[in-house]
Number of protein chains: 2
Amino acid sequence: MTAKREPISRRERPAKPALTRRGIVDAAVRVMRSEGLEKVTMRRLAQELDTGPASLYVYVANTAELHAAVLDALLGEVELPADEPGADWRDQLVAVLTSYAHLLFEHPQLARSALVARPSGENYLNLVERLLLLLSRSGTPQAQVAWGVDNLLQYATATAAEHGTQERDPMSRDDWDALARAVYGADEAVHPMIKAHLPDLLSGTESGRLAWGFDVVINGIIHTPVPGAEG
Amino acid sequence: MTAKREPISRRERPAKPALTRRGIVDAAVRVMRSEGLEKVTMRRLAQELDTGPASLYVYVANTAELHAAVLDALLGEVELPADEPGADWRDQLVAVLTSYAHLLFEHPQLARSALVARPSGENYLNLVERLLLLLSRSGTPQAQVAWGVDNLLQYATATAAEHGTQERDPMSRDDWDALARAVYGADEAVHPMIKAHLPDLLSGTESGRLAWGFDVVINGIIHTPVPGAEG
DNA sequence: ACCTGAACACCGTTCAAGT
DNA sequence: ACCTGAACACCGTTCAAGT
């Protein structure tokens, strides 16, 4: 049954491809894609890598750091098409942000983790670099651009965390229904403004609202000087 | 040792004050205030109420719903001072939003749960009602106001979820340090824009940025017509 | 230095059985 | 209808011991 010490015979199954941080993160991405981030646990991953959970702590500080590493890896998929200085900066900016948002819409749990443990990897820097470049083209003062990029990313991340892929997520549906009922059932005497804004309060498609939101933040950045700086 | 059946004797300890949804939520708020939301678990609460975890499921669907109920209860503490039609709508609007944000800054985990399971209770409706009223005073078209209130609340909630009370939260500090290192260590050749925006990228106080962010969203709402509607 | 087994201290949720 | 004990199926993390 047991080969005392198997000879090098390269044709055998890879079996245990030596634990590395890289290998752990790769396995984590694989598990997330097939079963969702909630299954990316130390124990599940250890099982996947044919070892015990304790072994992972040599390469990864804790579960939060592991999830952050997964996000960092995924950020490499944000589309940063070749910059065309002639093209409209606003269109290009919205395109990049939309690509980022779409990525997180498919993994809302990752968006939630991004709000808590902010990324700082290479892919994230590339994304920030591009956003700074495009927003700068608007002619907005530097300080506003620097602060504004943060708000743009936060808006995309938070929206993904909120509305992300509700297919088969019964909870979100329930919440939405509860809000709709509360809002339509509001008492005219107590909540006249809610009544007055009623169809609009819940109107619009997800992508329509997302696009509007990007415009809101962009226009806001452009029109709002940073306190200490010159206009 | 055991009294077979204790007589009515009202002077004894309250012992088991009959399970109710209200009692459960009250206990949850109590536990959150003293030990944080992460301790608000079915098991911990059952212990607090001197029963088994299974008993709670008669009144509460699951842990997420319980956390949502806690948020709803806390929302009653948002300050909605008497509306003064003479006062500047913008100042009043920012004051209400700041009060809401401060509440969540003290309970960042609650802010995170708010992003996922959106509230729809009475206190939430009161908050939305007031925001609609104040934002309407700007003269902005109804549809923009209706959509905009959502963005204002989302911005406050997301910011609280991100930066909320890092005192004693070693994780957040680490993240910030990592970002600072990444940004200051960026290669001039690869990330020139990051270098160019460097002091600004990480400058400002928490409350300074929050206030600026509110202005950004407000200005954005005012300047951004909703797609289908008349300007 | 790296890896491990085993343990500690928890979780959410369900279900059959009781009152 | 409400409440419960007990169980099922998991978690994260640590630590002493091994190689």
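A, B, ... follow the sequence lines: proteins, then strands. Residue 1 opens every chain. Basis for what follows: all heavy atoms, side chains included, without hydrogens, waters or symmetry-related copies.
Residue A/A182 comes nearest to B/S120 through the heavy atom pair CB-O, 3.4 Å, listed as atom of the first residue, atom of the second, then distance. Considering every non-hydrogen atom in both A/A161 and A/L115, the closest pair reads CB-CD1, 4.3 Å.
At the phosphate of C/dC2, neither OP1 nor OP2 sits under 4.0 Å from any side-chain N or O atom of A/Y59. Phosphate proximity of D/dC3 to B/T51: absent, as no side-chain N or O sits under 4.0 Å from OP1 or OP2.
Looking at heavy atoms from C-beta onward, B/L153 lies in side-chain contact with B/L127 at the 4.5 angstrom threshold.
A salt bridge links B/D26 to B/R22: one of the charged nitrogens lies within less than 4.0 Å of a carboxylate oxygen. The existence of a salt bridge linking A/R21 and A/E65 is confirmed by a sub-4.0 Å separation between a basic side-chain nitrogen and an acidic carboxylate oxygen. A/E77 and A/R33 are joined by a salt bridge, as a carboxylate oxygen and a charged side-chain nitrogen come within less than 4.0 angstrom of each other.
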B/S/- contact track for nucleotides 8-19 of chain C, protein heavy atom under 4.0 Å: ---BBBBB----

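Taking atom C1' in both D/dC3 and C/dC15, one finds a spacing of 13 Å when rounded to whole Å.
DNA chain C forms stems at C:4-8 with D:12-16, C:12-16 with D:4-8, each a run of 3 or more consecutive Watson-Crick or G-U wobble pairs whose two key distances fall under 3.5 Å.
In this structure, OG in A/S34 is found 9.0 Å from NZ in A/K39, a value given to the nearest 0.5 Å.
A/W176 does not carry B/R118 over the face of its six-membered ring by the limits of under 6.0 Å from the centre and within 45° of the normal.
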